[in-house]
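Just so it is clear, the values below take in all heavy atoms, side chains as well, and ignore hydrogens, waters and symmetry mates.
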Amino acid sequence: MSRFFATGSDSESEESSSAEEITPKATGTAFNKQNLLLSDDEEDTKRVVRSAKDKRFEELTNLIKTIRNAMKIRDMAKCLEEFEQLCRAFLKSKAIVDKEGVPPFYIRLLADLEDYLNQLWEDKEGKKKMNKNNAKALSTLRQKIRKYNRDFETEIANYKENPEQSAEEEEEKEEAESGSYSESEDEGEGVTAKSFMKKKPAAEPAPEASKFLKGAADDESESDDDDDDEIWGSDSTDSGSESEDNEGNAASLALAFLKKAQDGDRQGDRKKEERKRRSKRKERAEEEAEEEGLEQEGGEWEKVKGGVPLVKEKPKMFAKGTEINIPVVVKKLNEILQARGKKGTDRAAQIELFHALAAISEENNLGQGILVKIKFNIIASLYDYNPNLATFMKPEMWKKCLDCIDELLDILFENSNIFIGENIAEDSESLAVSDQPFRVRGCILTLVERMDEEFTKIMQNTDPHSQEYVDNLKDEGRVCNIIDRLLQYLENKGSTEEVCRVYLRRIMHTYYKFDYKTHRRCMGIQGESKSEQDQEESEGEDSAIIMDRLCKFIYAKDRTDRIRTCAILCHIYHHALHSRWYQARDLMLMSHLQDNIQHADPPVQILYNRTMVQLGICAFRQGMIKDAHNALLDIQSSGRAKELLGQGLLMRNMQERNAEQEKIEKRRQVPFHMHINLELLECVYLVSAMLLEIPYMAAHEFDARRRMISKQFHHQLRVGERQPLLGPPESMREHVVAASKAMKMGDWRTCHSFIINEKMNSKVWDLFPEAQRVREMLVRKIQEESLRTYLFTYSSVYDSISMETLAEMFQLELPTVHSIISKMIINEELMASLDQPTQTVVMHRTEPTSLQNMALQLAEKLGGLVENNERVFDLKQGVYGSYFNRDQKGGYQQKQGYQRDSDQRGGYQQRQGYQRDSDQRGGYQQRQGYQRDSDQRGGYQQRQGYQRDQKGGYQQKQGYQRGGYRSQNQSSY
Amino acid sequence: MALRREPASGNSLDSPVKQIQIEGLVVMKIIKHYQEEGQGSEVVQGVLLGLVVEDRLEITNCFPFPQHTEDDADFDEVQYQMEMMRSLRHVNIDHLHVGWYQSTFYGSFVSRALLDSQFSYQHAIEESVVLIYDPIKTAQGSLSLKAYRLTPKLMEICKEKDFSTEGLKKASVGYENMFEEVPIVIRNSHLINVLLWELEDKSTVADKHELLSLSSSSHLEKCLQMLMDRVDEMSQDIVKYNNYSRSLSKQQQQKHQYVQRRQQENAQRQSRGEPPLPEEDLTKLFKPPQAPPRMDSLLIAGQINTYSQTVKEFTSQNLGKLFMAEALQGQGS
């Protein structure tokens, strides 16, 4: 927790006696040096570089501190948590431990903790008082530590044997701690104060504070500074965690400065401090030397001085008077770069450094090459700023990033003699201003792609119903702009692959947008003046043309399958969105994507699903109901449309997937502005299902083997039927169900009013760009299908019906009615003929009545039953046949005769016998008669046996058994 | 009145009851009970009271079971019956339990539940019968009341709970001899008879003759529908049985092969002078598959039979009516 504690245990682990002197070493020395390097500019952040071992051990000691504190306040839950962390941390430092041996302080903690836990465990009273959480944690922890300690048995035993040594250390530690403790106790409740302090560092990103905390720490450890007040105390506790926290702290200079101003009242103290510090610096230097000596003796701690404490030096990047030239800048750049990705690196500061470097190089006119290189690095470090892949960029970072890329592109456009590429080796770069073109390593395309991904991430993580989302969405224009510029740039300079990639980016930003401009133009504002049209045209290419051009290029040039697949899908989507149904369909069919899409990765599959849905909706708009239904079937029937389209996660699956999967799935979500309206999708599906299913149901009312066209539609119907009270429909689904019911009766007007009304318009139909046309199409379809349904349902009631009447009933033109009825007759759906002169449909009335239908069905079923029964029969024979093959006496013959019998091939007599028997299901007498009949060759004996069998004697002679079986079977036949 | 002759009188030779005599009161009470409580496919049930005189069972009274509702789950039926009978005894009415009655929907009564409860009745009180009242037929104009008993063979099977194929085969029980029908006579006291005569004299001619209604299709449709359902069930049952016998025969074969192999091996070993392999328990090695109980299919077959009978009866009646109507029309025109 605090530097003090940390150092305290540090010192324990070292067997050396001078704990207090060593304490500040790690930080203090670094600090010193930095101070020297640093001009008086105190506001700067500080960077501490330690060896890996130092770092690891410090981590451990910090954790141990926390555990000890938690132990003191009996906070078992905390203890457990920290212990787990400790174990993990220990595991991480395995390499070092292997080298150095298990650090004694670690063993000590383990031993202490176990003792402590056991003691707690024994204390029944205390346990009772514990709250549930703690009690639970206690038992868990106890078990854990028991198990864990098994690995360290010898060490712990050693420690226990040899407690004096550690006691000694304990004393030291106590001493070390006492300082800080007394402070915290001064503040009152030691415990709360501590926990308070713990929180504090996270809350205050004060690099400046930490810096001079370190100073304070030094002072204290030297223990010549007893009069430090509470502020110092608490601050100093911060410092420990500060060093590890500072990577997370966005410690900008300004902030630090502010902080300082706030702390104005501390100024006095600080000044004093500074003075002291300065005077002490010399001492410190000596101490350092001493320490180093000690270390060598101890051999355990090794300090790395070589690490680059770059950040410190940045403001004065170059010593005064140094001639600033390219090699120097590059060297500096590399220096900064080396810190990249390291744990303690302050990324914010790094970005600042890059900016400063850029400014310097510009100042000194070092040429564009170096500038480009620096810019590359700035953008890269901006991306690096977020260590976690899942989190998204902060808005200001994002803006900065956009600006940077813009500038970079500016430079690249202005200077055509700059070559950039990923494969330019570091040493073959030429940055110097010369006749030769610049060569810079770096890939602008990757940067832009990353930028695009970041944009998606930002959109994913913004609440889509907030103003913020709109604001963020405004950046889309800039993103597109950048992609466009990059596209131009790469078209001139890039390789085909790169062009393909950037084309895909462009496509991805185009395919889902409806081109209103073109739409309006097509919708017949042709009447307007030509000049206006020209103007419009000059504004920009048709998105269709752009898509076409880009996609075709990709089809021709791309060699990676994925880009092509994406391009095709986007192309289809775009076609479908703009109601170019045939192009879209042909492309879909020609690409054969349907066959192998299941092998693609999830994002592509999501894109495929989106495309299919769009295709279906397009078909619906064109009035191709069947196609629409087929395209939407897959997505809708699963009931997981939301998930399949990447527009949200289903609650239901929450238990099934773990947090990791959920994160991955979240990353796949499509940003809100690209969503397809799910209600529209469902409505389109249900309406097309209705238009298909209702006539079909009417036509096959009595068909036993009728299948459902759409399960989901039936489900909705059933749900509708289950409702005890039917009010006027509210939701879209209820509307469709109500309309279906009306259509079933052939009542197209009601159906129409349910499908197209104010509510449905606002919910669904108005979402189409050509709403009116779609509505007209729908009305037409409803009329036609209602007519068909009507004819199917009520044809049995009519002898004949005039087509004129039908046309009037359904508000259709006579030719249409004629064609519909003709089609039905041709398809043998309607048993009727047309009487031309009178324009009447004459029903043949050959449809069976419902009773007849039923009887037919029954006959069919009985047929099946008999068939099944016969199969049982055959099987029986088979079994007995194989069983009897061994004694082929009369029994076998009998069986053969029987078989012949059932096959109807047998002799007349036998068959007769069989038939007679099957006719007369009655009693024993007849059966016996049958037996005599079919059994002509079997002797009297056998019959006798059979009779005996009937009476219940169960003799094991097979022939009898069969007789018994046969009679049984006969009777049930 | 449905007076029926025993089709195979030999079957019920050893049965203690050869005839059933029902008081008009009981019939009226049963009809009333259904009228009041039963609707649609719901079934009403009640207890029959009476006594046995020689080989004749006289049913002199009855009372209904109260309709079950979800709320009174703790309702004790037995308690209720005892209470009821005690009360009846107090007012000097026959209180001997001689069976039960049940209404039926389109003649669907051959079920497992009926079998079980009739078995328990007949097990406890030997002369018990079950009266089946068909309200739909009654509504069509002819009172339909039938008395059934389980045959002694079926009783035995039920006692042993052996519903396997072998068990049924051994007892030679088919669907046609599961139940025996006992002829019913309805008897009224002379006073009531007199009253009836008088009423008949006084009453005007009824304007509705359900008996003569010509409509048939809806009834037939219903019957066919139910028949079809049963046939479906039967098919499934057969398929199940089929699978069973197939797996059984397959296993037989395996077993056989195994035994043969064993024998061969043993013979070889013997020739080589080695001791034969130890005997293994074949039943453990080859567990016979679970045989499907045959009782259900038997019941279904019985039910199908009843349906067919009903349909047959109905159609023949209807045909008669149609001929009659035709003749009448011919006369009229």
Side-chain angles (χ1 to χ4, degrees), chain A residues 702 704 848-886 920-927 947 949-954 960-973, chain B residues 7-8 10-11 153 165-166 168-177 215-253 256 292 294 297-298 300-302 304-305 307-308 311 315:
Chain A
F702 301 115
T849 64
S850 64
L851 185 62
Q852 284 164 333
N853 260 320
M854 201 88 86
L856 284 173
Q857 259 180 58
L858 180 63
E860 216 166 275
K861 280 188 180 161
L862 284 175
L865 182 66
V866 170
E867 210 168 278
N868 278 334
N869 215 7
E870 239 148 47
R871 221 170 281 153
V872 174
F873 217 46
D874 291 348
L875 201 70
K876 277 270 147 135
Q877 276 172 350
V879 172
Y880 279 94
S882 69
Y883 195 45
F884 282 122
N885 274 344
R886 266 174 293 158
Q920 300 162 342
R921 269 174 230 167
Y924 174 59
Q925 293 275 326
Q926 272 122 12
R927 218 174 310 142
Q947 278 171 345
D949 186 29
Q950 268 289 352
K951 273 177 225 142
Y954 209 75
Y960 307 156
Q961 217 175 12
R962 175 138 44 78
Y965 147 71
R966 192 172 323 128
S967 69
Q968 180 78 31
N969 222 320
Q970 279 297 308
S971 60
S972 68
Y973 190 68
Chain B
N11 274 0
K153 279 180 192 166
T165 321
E166 278 73 33
L168 293 178
K169 200 198 297 174
K170 202 163 86 185
S172 68
V173 172
Y175 69 89
E176 69 279 82
N177 49 8
S215 72
S216 61
S217 58
S218 74
H219 183 85
L220 276 178
E221 264 173 43
K222 261 274 160 47
C223 283
L224 282 183
Q225 190 65 56
M226 298 178 83
L227 185 54
M228 240 185 290
D229 292 347
R230 247 12 73 167
V231 169
D232 275 347
E233 272 172 43
M234 189 70 164
S235 287
Q236 278 168 15
D237 224 60
I238 285 180
V239 169
K240 228 184 276 171
Y241 186 72
N242 211 347
N243 289 340
Y244 158 71
S245 15
R246 204 171 301 149
S247 61
L248 190 68
S249 76
K250 207 188 278 169
Q251 207 178 47
Q252 285 293 6
Q253 249 168 5
H256 189 66
R294 299 301 294 153
S297 60
L298 216 54
I300 295 168
I304 290 177
N305 191 31
Y307 281 141
S308 320
V311 173
T315 43

### Message
Testing the basics here: between B:L224 and A:A855, what is the closest heavy-atom pair and its distance to 0.1 Å?
### Response
CD1-N, 4.0 Å
### Query
Taking side chain as C-beta onward, heavy atoms only, is A:K861 less than 4.5 Å from B:M234?
no
### Task
Determine the minimum heavy-atom distance between A:R871 and B:R246, stating which atoms define it.
CD-NH2, 4.3 Å
### Summary
d(A:L851 CG, B:H219 NE2) to nearest 0.5 Å is 11.5 Å
### Task
Give, for atom CG of A:L862 and atom CE of B:M228, the distance between the pair rounded to the nearest 0.5 Å.
9.0 Å
### Task
Might you point out which heavy atoms bring B:N242 and A:N868 nearest each other, and give the distance in Å?
ND2-O, 3.9 Å
### Message
Counting heavy-atom pairs closer than 4.5 Å to chain A, which one of B:L298, B:L248, B:I238 comes out on top?
### Response
B:I238
